2 protein chains.
Amino acid sequence: MSTRIRPEEGSTAQQILDVAERLVQRQGFNGFSYADIAAEMNLTKPALHYHFSSKAELGEALITRYTARFTAALDAIDAGEVGAPAKLEGYTALYLDVLRNKRMCLCGMLAAEYQTLSPPMRRAVLEFFNRNEAWLAGILDEGRSEGEIGFEGPPGEKAQMIVGTLEGAMLVARPHDDISRFEAVARRLVHELVVHPAGTAAG
Amino acid sequence: MSTRIRPEEGSTAQQILDVAERLVQRQGFNGFSYADIAAEMNLTKPALHYHFSSKAELGEALITRYTARFTAALDAIDAGEVGAPAKLEGYTALYLDVLRNKRMCLCGMLAAEYQTLSPPMRRAVLEFFNRNEAWLAGILDEGRSEGEIGFEGPPGEKAQMIVGTLEGAMLVARPHDDISRFEAVARRLVHELVVHPAGTAAG
DNA sequence: GTCTATAACGAGATAGAC
DNA sequence: GTCTATCTCGTTATAGAC
């Protein structure tokens with residue numbers, strides 16, 4: 001069959017996912033249609049249904065791929081950055097990349113539309129947030145143990161706050177069409193976590 | 001005419017706005033239709049068009065009313081609460097009320113769908129955020145002068161961060177169907193702002 | 001102020017040919 | 001793997017009666 005779990009690079013299925021992903025991230029899952037994808041790809045709607053038999057199935061594939069890509073990016077941060085502050089900065093940079101492409105986080109967008117999503121799509125959205133928060137909690141816990149960063153309470157709770165803050169900053173920055181709003185929040189978020197010796201002025 | 005700027009209490013127009021507001025806050029502007037409102041009110045679709053000739057016009061009225069109500073709530077906080085910490089706590093309580101009704105902030109939801117909105121709706125959404133941030137910036141500025149709260153940088157920037165954090169916390173709390181996630185973020189947000197004498201342990 | 005009726009269009013989806 | 005043709009339904013919106 002064609003609608004496989006992991007479509008080939010550059011395949012039609014992959015191209016469909018690319019176009020659909022951009023549309024969802026900019027207009028929402030309820031803000032685009034198969035016709036929009038078909039028009040952009042010079043395909044017909046039935047051709048799309050061959051690859052993804054329903055819109056909900058397309059949605060599931062979108063979230064799964066997005067989460068896999070995000071997870072890979074987190075692994076890359078673990079491998080490439082040293083110390084909690086640098087890793088957290090790398091994390092905020094992931095969001096900044098999305099915003100630079102004039103997009104909202106896919107799962108942040110779907111979180112807004114959550115009540116209208118199919119059960120499988122809902123599960124996939126939750127999985128995305130759980131993975132993010134688990135990764136962040138690990139970084140926070142280790143960073144505090146090392147004395148690199150400081151915060152009160154359980155790491156999991158602080159991780160939830162960080163995810164919420166970044167998602168919210170993206171959400172509000174987009175209407176203002178002002179990336180610097182997000183950058184300011186991201187900078188402040190990391191800055192407030194990093195332990196500063198007494199007498200050290202902020203940049 | 002019936003589609004007046006300020007419909008009477010309990011009028012059909014007001015009831016339409018009540019139902020539509022809930023639908024938008026739960027399902028998004030692109031996630032409901034006139035048919036949904038009509039079914040719930042035992043009206044017909046043309047009856048709705050009599051009151052709000054287009055969906056975009058209904059959307060404008062929704063945002064305007066929501067912003068007016070929110071502004072009144074901010075005035076009430078100014079009049080009823082003493083000191084920046086209490087006022088900020090009152091502010092987070094406004095969001096909590098929305099979440100308790102299983103809703104997203106109207107303008108947070110519309111921020112996600114921003115690219116699909118009419119120009120008047122876009123303007124109204126921006127106006128909401130500007131008013132919120134201006135009010136918050138005033139509280140933050142005064143609170144810092146009084147020595148009640150502490151933060152670095154310009155009050156306007158911190159205000160943007162607070163709005164983003166609360167919107168994002170709502171956004172993520174809803175899929176998890178877990179109000180306590182929001183409460184934890186709100187508590188932490190205020191707590192981190194309040195100036196604590198050295199040696200004071202956190203709750 | 002609300003109705004019936006309907007227009008005009010777009011949505012998601014299917015049958016069957018090539 | 002993609003097409004033409006079509007179906008069914010839902011959407012926003014209007015005309016005109018009551």
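What you see below is based on every heavy atom in this structure, not just the backbone, and it leaves out hydrogens, waters and symmetry mates. Each chain gets a letter, A, B and so on, in the order its sequence line appears, and its residues count up from 1. Nothing here was measured: the structure is a model prediction, and the numbers come from that model.
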**OP:** Keeping the roles fixed (side chain from A:Glu57, backbone from A:Phe52), state whether a donor-acceptor pair exists under 3.5 Å.
**Re:**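 Looks like no, no N/O pair under 3.5 Å.
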**OP:** Taking B:Gln15 for its side chain and B:Gly10 for its backbone only, find out whether a donor-acceptor pair lies under 3.5 Å.
**Re:**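 Such a contact is found between B:Gln15 side chain and B:Gly10 backbone.
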**OP:** Name all pairs fulfilling the salt bridge (Lys or Arg N to Asp or Glu O under 4.0 Å) condition that reach into residues 31-42 of chain B, sequence neighbours left out, sorted by first residue then second.
**Re:**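 Qualifying pairs, neighbours excluded: B:Arg22-B:Glu40.
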**OP:** Can you tell me which residue pairs pass the salt bridge (Lys or Arg N to Asp or Glu O under 4.0 Å) test with a partner in residues 109-128 of chain B, sequence neighbours excluded?
**Re:**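 Output for this query lists B:Glu127-B:Arg131.
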Rounded distance (Å) that lies between atom [atom2] of [N] and atom [atom1] of [X]:
X	N	atom1	atom2	value
B:Asn30	D:dG10	CG	P	18 Å
A:Leu48	D:dC3	CG	P	9 Å
B:Leu43	C:dT4	CG	P	11 Å
B:Ile37	C:dT2	CD1	C1'	16 Å
B:Met41	C:dG1	CE	P	13 Å

Original post:
Just checking, any donor-acceptor pair under 3.5 angstrom between side chains of B:His176 and A:Gln160?
Top reply: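 Not at all, the side chains of B:His176 and A:Gln160 share no donor-acceptor pair under 3.5 Å.
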Subject >> N/O (side chain, A:Tyr50) to phosphate O (OP1/OP2, D:dT2) under 4.0 Å >> reply: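 It does not, given that no N or O in the side chain of A:Tyr50 lies less than 4.0 Å from OP1 or OP2 of D:dT2.
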Original post:
Would one find a side-chain N or O of B:Thr44 under 4.0 angstrom from OP1 or OP2 of C:dC3?
Top reply: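 Yes, B:Thr44 has a side-chain N/O under 4.0 Å of OP1/OP2 on C:dC3.
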Subject >> Interatomic distance, A:Tyr66 atom OH to A:Phe128 atom CZ [nearest 0.5 angstrom] >> reply: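 Those atoms lie 5.0 Å apart.
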Subject >> Listed once per pair and sorted, the ring pair (Phe, Tyr, Trp, His ring centres under 6.0 Å) pairs that draw on residues 11-31 of chain B, sequence neighbours left out >> reply: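 Sorted pair list: B:Phe29-B:Phe32.
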Subject >> Contact state string [nucleotides 5-18 of chain C, B base, S sugar-phosphate only, - no protein heavy atom under 4.0 Å] >> reply: B-----SBBBB---
Original post:
Near DNA chain C, which residues from residues 15-25 of chain B have a heavy atom under 4.0 Å away?
Top reply: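 Residues of residues 15-25 of chain B that come under 4.0 Å of DNA chain C do not exist, since none gets that close.
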Under 3.5 Å, side-chain donor or acceptor atoms of residues 76-88 of chain B against the rest of the protein: list the pairs with distances, not counting sequence neighbours.
from: B:Asp78; atom 1: OD1; to: B:Trp135; atom 2: NE1; distance (Å): 3.4
from: B:Asp78; atom 1: OD2; to: B:Trp135; atom 2: NE1; distance (Å): 2.9

